[in-house]
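First up is the structure itself, then whatever we jot down about it.
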Protein chains: 2
Amino acid sequence: MTKQVNTTEESTKVFKALADPIRLEIIRYLNQLGHEVSCGEVGRVLAISKTSGSYHFKILQEAGLITAHKVAREKYVALDRSTFDQYLTHFWQNF
Amino acid sequence: MTKQVNTTEESTKVFKALADPIRLEIIRYLNQLGHEVSCGEVGRVLAISKTSGSYHFKILQEAGLITAHKVAREKYVALDRSTFDQYLTHFWQNF
DNA sequence: TAGATAGTTCAAAACATTTTGAACTATATT
DNA sequence: AATATAGTTCAAAATGTTTTGAACTATCTA
């Protein structure tokens with residue numbers, strides 16, 4: 001056990017990150033795949049410009065909803081399910 | 001069983017409603033109380049202007065996060081926990 | 001080395017949300 | 001009837017978010 005409750009500020013950041021159709025589609029795609037992919041692949045599949053993609057991945061990352069690591073030129077992203085658990089699945093427990 | 005999955009549009013509406021510190025504080029207060037209260041009381045407790053309160057309650061209501069009914073002059077609101085269950089607690093099931 | 005590919009950064013433009021105050025409806029109190 | 005209270009609506013102002021294109025860094029390929 002590491003934490004008691006989510007502050008309003010933290011929760012706001014997570015819900016803001018979830019409050020956009022493009023980001024929900026990114027999450028949907030990462031969830032379907034079930035493994036990490038490059039930002040480029042996600043962008044091609046969902047037809048997002050690379051600048052816009054870069055912006056959305058940053059928002060998701062700063063909210064802790066995805067993890068990312070760079071391999072040479074490419075950035076690989078995957079869902080961080082523990083954050084979804086903390087803020088969504090266990091919403092009432094941590095609220 | 002009434003529904004299979006949440007569309008991106010519906011989910012966006014719910015997460016937008018949750019993505020604001022004032023609205024999260026309203027939800028927090030309604031959750032603590034555990035019973036319905038008038039908008040006026042919530043506004044006084046959280047020190048929100050009545051116009052701003054009216055706006056935020058509308059957003060919460062349109063997202064289905066609260067139920068409301070009028071009794072004479074006053075509007076009573078309470079959390080609609082089934083919506084929280086559908087979009088948060090059972091996020092992955094309905095996604 | 002030159003050109004291509006993956007992604008980031010920046011500032012401006014476009015767009016969306018929130019706050020404010022005034023005017024309003026409806027109900028309650030004196 | 002006059003005044004007060006609870007809440008809504010409207011338009012303008014203030015803020016905040018997202019998109020866009022150009023310029024950039026770093027890595028890869030020929």
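Predicted model, so just to flag it, every value in this text is computed and none were measured.
At a threshold of 4.0 Å, the pair B:Arg28-B:Glu25 counts as salt-bridged, since one of the basic side-chain nitrogens sits closer than that to a carboxylate oxygen.
Atom NZ of A:Lys50 is separated from atom P of C:dA6 by 9 Å (rounded to the nearest Å). Look at NE2 on B:His56: it is 12 Å from C1' on C:dT20, rounded to the nearest Å. The distance from atom CZ of B:Arg23 to atom P of C:dT17 is 10 Å, rounded to the nearest whole Å. The OH-P distance, from A:Tyr76 to C:dT5, rounds to 16 Å in whole Å. Note: CD (B:Gln61) to P (D:dT9) measures 10 Å, nearest angstrom. Remark: P of D:dG7 and CD of B:Glu74 are 6 Å apart, rounded to the nearest angstrom. Rounded to whole Å, the distance from OH on A:Tyr55 to P on C:dG7 is 19 Å. Residue B:Ile66 contributes atom CD1, which lies 12 Å from atom P of D:dG7 at whole-angstrom precision.
The shortest distance between the side-chain N/O atoms of B:Lys75 and the OP1/OP2 oxygens of D:dT8 is below 4.0 Å. A sub-4.0 Å separation between OP1 or OP2 of C:dG7 and a side-chain N or O of A:Lys70 is absent.
The A:Thr51 side chain lies nearest to D:dA22 when the options are D:dA22, D:dC28, D:dT5. Distance from the side chain of B:Ile22 is smallest to C:dT19 among C:dT19, D:dT9, D:dT27.
Contact annotation: the side chain of A:Ile48 approaches that of A:Ile22 to within less than 4.5 Å [non-hydrogen atoms, C-beta and beyond]. Residues B:Asp80 and B:Leu65 fail the side-chain proximity criterion, which asks for heavy atoms closer than 4.5 Å.
With hydrogens and angles left out, the side-chain atoms of B:Glu41 and B:Tyr76 include no donor and acceptor closer than 3.5 Å.
Taking the six-membered ring where tryptophan is involved, the planes of A:Trp92 and B:Phe84 are tilted, since the angle between them lies from 30° to 60°.
A donor-acceptor pair is defined here as one N or O able to donate and one able to accept, closer than 3.5 Å; no such pair exists between the side chain of A:Gln32 and the backbone of A:Tyr29.
Of the two residues near DNA chain D, A:Ala19 and A:Val71, the one whose nearest nucleotide lies more 5' is A:Ala19.
As judged by a 4.0 angstrom heavy-atom cut-off over every strand, A:Lys58 is placed among residues making no nucleic acid contact.
Heavy-atom distances under 4.0 Å link DNA chain D to B:Ser38, B:Cys39, B:Gly40 of residues 38-49 of chain B, given in residue order.
Atom CG of B:Asp20 and atom CZ of A:Phe15 lie 12.0 Å apart (nearest 0.5 Å).
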